[in-house]
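What follows is a set of notes on a single structure, which appears directly below.
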Amino acid sequence: MKTAASTILLTQAPEFQKALLNWFQARARDLPWRKTTDPYKIWLSEVILQQTRVDQATPYYLRMIERFPTVSELAAASLDDLLIVWEGLGYYSRARNLHKAAREIVERFQGHVPNNREDLLGLPGIGPYTASAILSIAFAQPYGVLDGNVIRVLSRLLEFPDDVRKSASRNYLQSVANDLVAVSAPGEFNESMMELGATICTPKNPQCEACPVHSFCEGTKNDPEAFPRTVKKLPIPHHDIAVGVLCNSQGELFAQRRPENGLLGGLWEFPGGKRESGESIEDACRRELKEELGIDVEVGELLTTIPQVYSHFKITLYAFRCDILSGSPESSRDLPIAWIAADRLEEYAFPKANRKLIEKLVELDQI
DNA sequence: AAACCGTGGTG
DNA sequence: TCACCAAGGTT
């Protein structure tokens, strides 16, 4: 069931596609993944670009294709090798799924990225967007992509009235994207829709006067920022996190590896945990190190505090230098642990807040 | 369906 | 400062 607005747009699809593609061919940014049609590199770029800006993604993409030029080389690497390259990019499940998928592709598809939707969707980390992006860009198949850019572009073109976060809205806009994609150049069309959203049809202050398809968008050019419509999100909770910095007689720092699933999965970190209500931050530090590692510690100097925002909560990290009073640290959850020399800390993947702590320790001449 | 999952840029 | 959000996927 199409709205009147989408019917009008689809009726003009050939003209719309031509205007957009002409603009794209003249104005497209020169991005590294646009220099290849290797399905592996297209896949890699799309995974890196999930919820990630081009400027942040680019150096990671270049490092990844240099370090892992083929599916086979990615599959042969260890997860820790991959996480070292991925460190700082966030959403670490992408790295874990990429790694799993590479091994599946080697085993089941002889190292070739699948060229059909069913097989692609069966691989971890590949959802509707990424499958359509790979199929259209690497294999010239006419699937429309629906990312944040396309949602914004289409919702403005159509004056789409509903909350675009609802699944019914997504389904509808996806069907419009599929109907609108240029069959003769599906990959280029999809890239041009996203390019338009990223450079012209931006969330704030869109450049409507420079838009190649503004004549198809008569209704929203006066108030484009009213779209896409969304409900307000609730403020996210805050937690205080106590962290213990343990240093042994050889100057090595104690760290442990997080479980492979969940938040920051597979990364290394300094021990500690959440302060409970009514508890002091020093008490939290003592309690967490006792619970996690079975040691009694004296909580010493507060070395630094580090704020960090995650996707659905925020923290303030309080790092204390600690001395062991009794016991020897062993993981109560059977996680890998290590005493790491200062000059080998870069061989382990740490979350951003922990990496900031390491930099602070260097600054304070503590390591 | 809605919560979970990082980090950094932007206004 | 702070809300928003970026080439989304999984559970």
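Chain A is the first sequence line, chain B the second, and so forth, proteins listed ahead of strands; every chain is numbered from 1.
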Check your understanding: According to a strict under-4.0 Å criterion, is A/R152 in side-chain N/O contact with OP1 or OP2 of C/dA6?
Key -> yes

Study note, to complete from the structure: Of the listed C/dA6, B/dG6, B/dG8, the closest approach to the A/K352 side chain comes from B/dG8

Check your understanding: Between A/F24 and A/F189, is the ring centre distance below 6.0 Å?
Key -> no

Study note, to complete from the structure: Per nearest nucleotide of DNA chain C, the residue lying toward the 5' end, A/M194 or A/L123, is A/M194

Review point. When we call it a touch if two heavy atoms are under 4.0 Å apart, what does A/N190 touch: a base, just sugar-phosphate, or nothing?
Key: nothing

Point to revise | Nucleotide C/dC4, atom C1' - distance to NZ of A/K314 in whole Å | key: 13 Å

Check your understanding: How is A/G88 classified with respect to the nucleic acid when contacts are heavy atoms under 4.0 Å: base, sugar-phosphate, or nothing?
Key -> sugar-phosphate

Check your understanding: Side-chain N or O of A/H312 less than 4.0 angstrom from OP1 or OP2 on B/dA3?
Key -> no

Check your understanding: Is the shortest distance from a Lys or Arg side-chain nitrogen in A/E279 or A/R275 to a carboxylate oxygen in the other one below 4.0 Å?
Key -> no

Point to revise | Flag for A/S311-A/Y91: side-chain donor and acceptor within less than 3.5 Å | key: no

Point to revise | Nucleotide C/dA3, atom C1' - distance to CG of A/L234 in whole Å | key: 13 Å

Exercise for review: Using the closest heavy atom to pick a nucleotide of DNA chain C for each, name whichever of A/N97 or A/W33 lands nearer the 5' end.
Suggested key: A/W33

Point to revise | A/K233 NZ to C/dC2 P, straight-line distance once rounded to whole Å | key: 16 Å

Practice item. Examine B/dA1: is either OP1 or OP2 under 4.0 Å from a nitrogen or oxygen in the side chain of A/S167? Give yes or no. Key: yes

Exercise for review: Please work out if A/P128 contacts a base, only the sugar-phosphate, or nothing of the nucleic acid, heavy-atom cut-off 4.0 Å.
Suggested key: sugar-phosphate

Practice item. Let me know which of A/N116, A/L120, A/L121 forms a side chain to side chain contact (heavy atoms under 4.5 Å, CB included) with A/E118. Key: A/N116

Practice item. Sticking with atom P, work out how far C/dA7 lies from B/dC5, rounded to a whole angstrom. Key: 23 Å

**Study point:** A/Y129 side-chain proximity, nearest of C/dG9, B/dT7, B/dG6
**Key:** C/dG9

Point to revise | Earlier contact from the 5' end, DNA chain B, for A/K204 and A/K356 | key: A/K356

Check your understanding: Taking CD from A/E260 and P from B/dC4, how many angstroms apart are they, rounded to a whole number?
Key -> 22 Å

Exercise for review: For the side chain of A/R53, starting at C-beta, report the closest nucleotide among C/dC5, C/dA7, B/dG6.
Suggested key: C/dC5

Study note, to complete from the structure: Rounded to whole Å, the CG-P distance (A/L196 to C/dA7) equals 12 Å

Check your understanding: Cut-off 3.5 Å, side chains only: do A/R229 and A/S169 have a donor facing an acceptor?
Key -> no

Practice item. Record whether the side chain of A/Y91 comes under 3.5 Å of the base of B/dG6 through a donor-acceptor pair of N or O atoms. Key: yes

**Study point:** Nearest-Å distance once atom C1' is located in both C/dC4 and B/dG6
**Key:** 15 Å

Check your understanding: Got a donor-acceptor contact below 3.5 angstrom from the A/R29 side chain to the A/E195 backbone?
Key -> no

**Study point:** Donor + acceptor pair across side chains of A/Q17, A/E15 (<3.5 Å)
**Key:** no

Practice item. Would you indicate, yes or no, if C/dC5 has its OP1 or OP2 atom less than 4.0 angstrom from a side-chain nitrogen or oxygen of A/R165? Key: yes

Check your understanding: Within the structure, does a side-chain N or O atom of A/T130 lie under 4.0 Å from either OP1 or OP2 of C/dG9?
Key -> yes

Review point. For A/I126, which contact category applies under a 4.0 Å heavy-atom criterion: base, sugar-phosphate, or nothing?
Key: sugar-phosphate

Exercise for review: Send over the distance from A/Q51 CD to B/dG9 P, rounded to a whole Å.
Suggested key: 16 Å

**Study point:** Interatomic distance where CH2 belongs to A/W86 and C1' belongs to B/dC5 [whole Å]
**Key:** 13 Å

Check your understanding: Base, sugar-phosphate alone, or nothing: which one does A/V145 contact when heavy atoms must sit under 4.0 Å apart?
Key -> nothing

Exercise for review: Report the nucleotide, chosen from C/dA7, B/dG11, B/dT7, that has the shortest atom-to-atom distance to any side-chain atom of A/Q56.
Suggested key: B/dT7

Exercise for review: In whole angstrom, give the distance that lies between atom CD of A/Q50 and atom P of B/dT7.
Suggested key: 16 Å

